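Let me begin by presenting the structure, written as structure tokens, before commenting on it.
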There are 2 protein chains.
Amino acid sequence: MSGKSEGGTIDRRAARTRKALHEGLLRLVTRKGYEAITVQDLIEEADVGRSTFYAHYTGKEDLLRSGFAMLRAELSATEADGQAGDEPLRFSRAMFDHAGRYADVFRAMTGSRGSLVALEEIRRALSEIVRRELPKGGKDEGLPREVYVQFTVGTLLTLLTWWLEKKPGLKPAQVDAMFRRLVLQGIGDGAERR
Amino acid sequence: MSGKSEGGTIDRRAARTRKALHEGLLRLVTRKGYEAITVQDLIEEADVGRSTFYAHYTGKEDLLRSGFAMLRAELSATEADGQAGDEPLRFSRAMFDHAGRYADVFRAMTGSRGSLVALEEIRRALSEIVRRELPKGGKDEGLPREVYVQFTVGTLLTLLTWWLEKKPGLKPAQVDAMFRRLVLQGIGDGAERR
DNA sequence: TCCGATTGTGAACAGGCTGTGCGGGACGCG
DNA sequence: CGCGTCCCGCACAGCCTGTTCACAATCGGA
């Protein structure tokens with residue numbers, strides 16, 4: 001009715017539908033876990049027709065990936081400022097802060113009722129960041145660089161999971177400190193080295 | 001209910017059925033991935049009646065857990081010889097050897113078409129072992145012991161996944177060496193020794 | 001502003017999988 | 001050898017999936 005002709009290439013109806021589906025997915029995930037969600041639930045929660053859903057996404061996994069794509073776009077937009085630090089692994093603190101705010105979603109995604117796809121997406125996003133920020137200094141490192149990247153990401157996820165699952169009381173800064181210590185020194189007693 | 005003659009032995013027919021289902025699951029997992037498997041597939045592959053399946057397990061996840069329980073029992077049986085030796089993380093080499101032999105199953109279980117439940121079971125089994133074998137020496141470790149455990153397990157899984165997924169050509173001993181280096185020293189400037 | 005073309009939308013449909021119930025038959029145990 | 005336990009085939013309702021189709025809302029040009 002009212003002509004609010006604006007916006008970009010996407011039809012307003014389509015935009016509205018996608019937004020409703022993404023928001024509905026988030027609500028449902030925290031309510032019953034990703035695995036248990038059906039397309040049926042999604043279209044009821046978002047109040048859209050069945051064929052409408054399939055016109056936009058091939059299934060719930062596609063919707064999930066789409067959500068992560070949007071999230072990654074946002075992240076890389078707000079990440080440009082984090083420069084000027086000589087300290088290695090500077091990004092980790094921001095990660096723990098961010099994860100702490102979305103703790104319930106994260107738990108629902110990565111818990112036993114979550115999704116391997118979600119975990120994979122998270123791992124991929126983190127890998128991109130780490131690949132960029134990991135100190136490249138190591139000239140004669142004995143291990144392939146990608147191993148260092150995966151190791152760092154793995155440790156980040158380990159700490160993240162342990163934190164949100166077992167010790168939600170800790171503050172991001174505390175977990176971040178543990179993360180740095182582990183990544184930089186391993187379990188070796190850092191006292192005698194260096 | 002109890003079809004077992006008190007003493008732990010199971011009726012041969014029941015044992016045969018369960019064996020057929022477990023073997024069928026393994027075949028199917030490597031053929032089409034865990035996620036895509038239906039109960040329908042399982043009973044056809046194992047040539048078992050529908051109601052028979054549900055008489056033994058509540059679903060495919062239950063069957064999977066049961067399989068891991070058996071595996072863990074076997075492992076802890078063949079593990080008794082591990083000396084409380086001098087070298088820390090003595091178990092890791094055996095783990096990489098073992099995983100290398102079941103590479104295809106492992107990939108099918110933990111790949112994107114795998115199962116979070118399987119990953120969780122693997123993590124749990126590894127955690128038990130690491131909890132037992134991790135040097136408790138820590139005098140004034142600033143971190144909770146469980147964090148060291150999870151960190152070690154996480155790194156093990158990271159290396160395992162990277163190895164089987166990206167560099168299947170490497171030998172277990174090589175991957176094990178990387179694992180030890182990372183766990184003991186992290187990415188810290190351990191590069192200076194060489 | 002109006003109209004045709006485009007595109008999103010909702011209802012309905014066929015097919016597949018699930019989990020359960022039941023009677024009859026086979027096998028193992030004592 | 002008899003009894004009890006377990007397996008099997010079949011059937012059923014219920015739910016979810018992925019697609020089809022007619023219709024209505026929106027967009028773009030005149």
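So that the names make sense, note that chain A is the first sequence line, chain B the second, and so on, each numbered from 1. Computed from a predicted model, the values in this text were never measured in an experiment.
The environment of CZ in Arg31(B) is crowded: more than 12 heavy-atom neighbours from other residues, nucleotides or ligands sit within 6.0 Å. At most 12 heavy atoms of other shown residues, nucleotides or ligands fall within 6.0 angstrom of atom NZ in Lys19(B). Around OH of Tyr57(A), the count of heavy atoms belonging to other residues, nucleotides or ligands within 6.0 Å exceeds 12.
Rounded to an integer number of Å, the gap from CD1 of Ile37(B) to P of dT18(C) is 11 Å. When rounded to the nearest whole Å, the span between CG of Asp41(B) and C1' of dT18(C) equals 13 Å. Separating the CD atom of Gln40(B) from the C1' atom of dA11(D) is a distance of 14 Å, rounded to the nearest angstrom. If you measure from atom CD1 of Ile43(B) to atom P of dC17(C), you get 10 Å, rounded to the nearest angstrom. Atom pair Leu28(B):CG and dC17(C):P shows a separation of 13 Å (rounding to whole Å applied). Separating the CZ atom of Phe53(A) from the C1' atom of dG18(D) is a distance of 11 Å, rounded to the nearest angstrom. In this structure, Arg50(A) places its CZ atom 13 Å from C1' of dG15(C), rounding to the nearest Å. As rounded to whole Å, 13 Å separates atom P of dT7(C) from atom CZ of Arg18(A).
Heavy atoms of Thr38(A) sit under 4.0 angstrom from primed sugar atoms or phosphate atoms, though from no base atom.
A donor-acceptor pair under 3.5 Å is formed between the side chain of Thr155(B) and the backbone N or O of Phe151(B). At distances below 3.5 Å, at least one donor-acceptor pair connects side-chain atoms of Lys60(A) with backbone N or O atoms of Tyr34(A).
Of the candidate nucleotides dG8(C), dT18(C), dT17(D), dT18(C) has the atom nearest to the side chain of Val39(B).
Phosphate proximity of dG10(C) to Thr52(A): present, with a side-chain N or O under 4.0 Å from OP1 or OP2. Residue Tyr54(B) has a polar side-chain atom (N or O) positioned under 4.0 Å from OP1 or OP2 of dG19(C).
The residues Glu146(A) and Lys166(B) are annotated as not salt-bridged, no charged nitrogen and carboxylate oxygen being separated by less than 4.0 angstrom.
Checked by distance alone, Thr17(A) brings no side-chain donor or acceptor within 3.5 Å of a matching partner on the base of dG8(C).
Side chains of Val149(B) and Thr152(B) form no contact here, defined as non-hydrogen atoms less than 4.5 Å apart.
Axis angle, first five pairs versus last five pairs of the helix from dT1(C)-dA30(D) to dG30(C)-dC1(D): 30°, rounded to 10°.
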